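Just so it is clear, the structure is predicted and the values come from calculations on it, not from any experiment. Below, read A as the first sequence line, B as the second, and so on, with proteins coming before strands; counting in each chain starts at 1.
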Amino acid sequence: MTAGSAVVFLLLAALAIGGAWRMITSHHPVHSALYLVITFCATAGLYLMLGAPFIATVQVAVYAGAIMVLFLFVVMYLNLGLARDVADDRPRRVTALATTVLLGLLLIAAGAFGGGPATAAPAMTTVEEIGGALFSRYALPFEIASLALLVAMIGVLVIARPELKRELAAKEDAAS
Amino acid sequence: MSGWMIFLRAVVIPLVIPIVVLTLIPLWIWLERRVCARLQQRLGPNRVGWQGLFQPIADVIKLLFKEDITPSHADRIVYLAAPVVALIPSVAALAVIPFGDTMSVPSHLFWGDPVPVPVQVADVNIGILWVLALGSLAVYGVVLAGWASNNKWSLLGGVRSAAQMVSYELPMGLAVIAVMLSSSAFATAHSGYAALSLRTAVESQRGVAFAGWNCFWHFPAFVIFCICAVAECNRAPFDLPEAEQELTGGFHTEYSSLRFAMFFMGEYIHMTTLSAVGTALFFGGYLSPLAGIPLVSSLNVSHIPVLNILAPVGWFLLKVLLCILLFIWLRWTLPRLRWDQLMRLGWVALLPAAFGWVMVAAILQTVAAEIAPHTAGDPLLVYRVLVFLTAALLGLIVYFKRAGRSAARPAGA
Amino acid sequence: MIDPVAFTLALSGVLFALGVTGVLLRRNVLVVYMSIELMLNAANLAFVAFGRMHHSLDGQLFVFFSMVVAAAEVAVGLGIVVAVYKQLRSVDVDRVNLLRF
């Protein structure tokens, strides 16, 4: 890794951590969502530097472009204003922070000592390689994933629109 | 690589392309006002400069001197950042669009062997995915502006925009996938091309005149792409996020001065980017529509030093101009859709149609790849023949059904 | 110079821990949800890093599937949030204490 790319790497990492920290400390959910978008975009940059351009663009399109827009949409739809919802009782805060520090240290240690170095700088993965693997070795998981999406879509329609259930019941009654 | 090459590829091209595109924006605004005036039998702005060409510049100067107001209960930082956020994705998407053919330039400033350099900021493997990913970020500017203004009309505009842009991204992505089937077939047949690069998509359409253009061979995808592009730009007939009569201006109600100008410009840049993508995918990009025609092709400019670079760029910009004219024409012709009609069109009409076309195109492409070796033909050519046959068959069926119906109808009815 | 794989793994650990903090500290169910997304993202980062370490495509494919599942999960989760809000007029996790609606 050259000095230049190391600097970019560190900058992206700082951006990701900063965004994540502000996400959990911001008072307004919209601000939290925006900081999380920053974290996601920084992560996409890291994917790019790790030689995974396809994952990087999917990260931007799915996480930043679809999931977070959905979050913003729900925040605006429910019109959730400012709410001081950060836990204010001391035991809870202390527990949270202690757990986090311990877990973080454990994970950092596991990562830093457990992972071996990459033997050589690999080339960028191409989209063709990913596509080839998805439609051969991973064909079954791919189909199951698409089924999961379909089930989720139908499930959401039923959960979020109780009137839909009533309409369907009324239709059934009318039919019988 | 010599210093001159690095300078050319890392500084000159990445600077010239956005500057050219941004310079075109006042031209589009002038065009919009003049064309809409013609459509309404008016003259339009014709006082400032020749034919009113400097009117947009006068408008910008006027906007610059207006007061920049921030509503008192607005979320200040988000409010101020939203116009910038709206601009960035569409400008960044320009990076992967090929504006011209590969030019050969000397490897040193005035001497050395000629080296091919694409007129494009970055010819990357994931070109079209980059455009789609940035397109999905474009929604943030509008949504944040709507929310941060702390105004219920703005908020409604922002929420509408979020739903609209997320919905229309899907059929647009599917339409693009159908085209990518053709261009990746081209990439597998010819070495040296990346499957998802926009340059590959352009090169796969090379042929006599416009015979290879995808707007014919992927006609359903082309129509879907056009509709979705208009919806992504939030322009009439899909301008619900800013619907004047209902929301007084929607997401940009509270904006004034330069920040309003940025939204205004952002819309035109977004239009230009989408037109450029559409041109590359469906209109053969920088390819000349006169290539291969017997008489005209003797006027070949490929050996004249500067013209051979400028001619493809000229064709590209001309095609983009025609796309912009289409945008303007649609805006001043069609009435705005109602909210439920918009959603129904997106989810019930466009999405299944796009899915259907991806299926048909994939089947035809696979069949073409299977029979191409037996006919010693190019798989892309076989695919086009198959599309033509399918379309002809459908046309005949419809024609005979109609003929049968009108024959069955009693005379005089 | 820094080793990209070990560095990314450490970063993934930090992001995961921050996600856990968010879940433990916040009461707004939407922010809790975002924290869960952050944890998923940290796991994805580790997958890509390990994939690079072993020169294998599988890491990236796992991330692809995890993103698909994340998208489905967010849709369902937000659907539940909207349904709960319609009942309780609140998105405070401490107030959502009935297993029915």
Output the option from [options] having the highest count of non-hydrogen pairs under 4.5 Å with chain C.
{"options": "A:Gln59, A:Met153, A:Met68", "result": "A:Gln59"}
{"options": "A:Ser146, A:Pro141, A:Ala16, A:Ala66", "result": "A:Pro141"}
{"options": "A:Phe40, A:Trp21, A:Phe73", "result": "A:Phe40"}
{"options": "A:Ile144, A:Ile130, A:Val62", "result": "A:Ile130"}

Below 4.5 Å from any heavy atom of chain A, which atoms of [X] appear? Answer side chain, backbone, both or neither.
{"X": "C:Phe65", "answer": "side chain"}
{"X": "C:Leu45", "answer": "both"}
{"X": "C:Leu15", "answer": "side chain"}
{"X": "C:Ala70", "answer": "both"}
{"X": "C:Val69", "answer": "neither"}
{"X": "C:Phe62", "answer": "side chain"}
{"X": "C:Leu18", "answer": "both"}

Using 0.5 Å steps for rounding, measure from the CZ atom of C:Arg26 to the OG atom of A:Ser26.
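These two atoms lie 7.0 Å from each other.
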Per-residue contact mode, [X] against chain C (heavy atom under 4.5 angstrom):
{"X": "A:Leu102", "value": "neither"}
{"X": "A:Leu36", "value": "side chain"}
{"X": "A:Thr39", "value": "side chain"}
{"X": "A:Ile55", "value": "both"}
{"X": "A:Ala52", "value": "both"}

Just so I know, are the side chains of [X] and [Y] near enough to count as touching, which here means a heavy-atom distance under 4.5 Å?
{"X": "C:Leu30", "Y": "A:Val74", "result": "yes"}
{"X": "C:Phe64", "Y": "A:Phe54", "result": "yes"}
{"X": "A:Phe9", "Y": "C:Thr8", "result": "yes"}
{"X": "A:Arg22", "Y": "A:His31", "result": "no"}

Where do C:Val29 and C:Tyr85 land on the side chain to side chain contact (heavy atoms under 4.5 Å, CB included) test, with the steps shown first?
CA-CA 10 Å; C:Val29 70; C:Tyr85 184 82; over 6 Å; no
Partner chain A: residue of C:Val82, C:Leu57, C:Val20 with the largest heavy-atom pair count (under 4.5 Å):
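Of the options given, most contacts go to C:Leu57.
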Does any donor atom in the side chain of C:Asp58 or A:Tyr138 lie under 3.5 Å from an acceptor atom in the other side chain?
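Yes, a side-chain donor-acceptor pair sits under 3.5 Å.
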Which one of C:Val23, C:Thr21, C:Leu24, C:Leu40 satisfies the side chain to side chain contact (heavy atoms under 4.5 Å, CB included) criterion with C:Ser35?
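Only one option passes, and that is C:Val23.
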Step-by-step side chain to side chain contact (heavy atoms under 4.5 Å, CB included) determination, A:Leu72 to A:Val30:
CA-CA 6 Å; A:Leu72 280 180; A:Val30 168; 3.9 Å; yes
Please walk me through it: do C:Asn44 and A:Tyr47 pass side chain to side chain contact (heavy atoms under 4.5 Å, CB included)?
CA-CA 10 Å; C:Asn44 288 350; A:Tyr47 288 150; 3.1 Å; yes
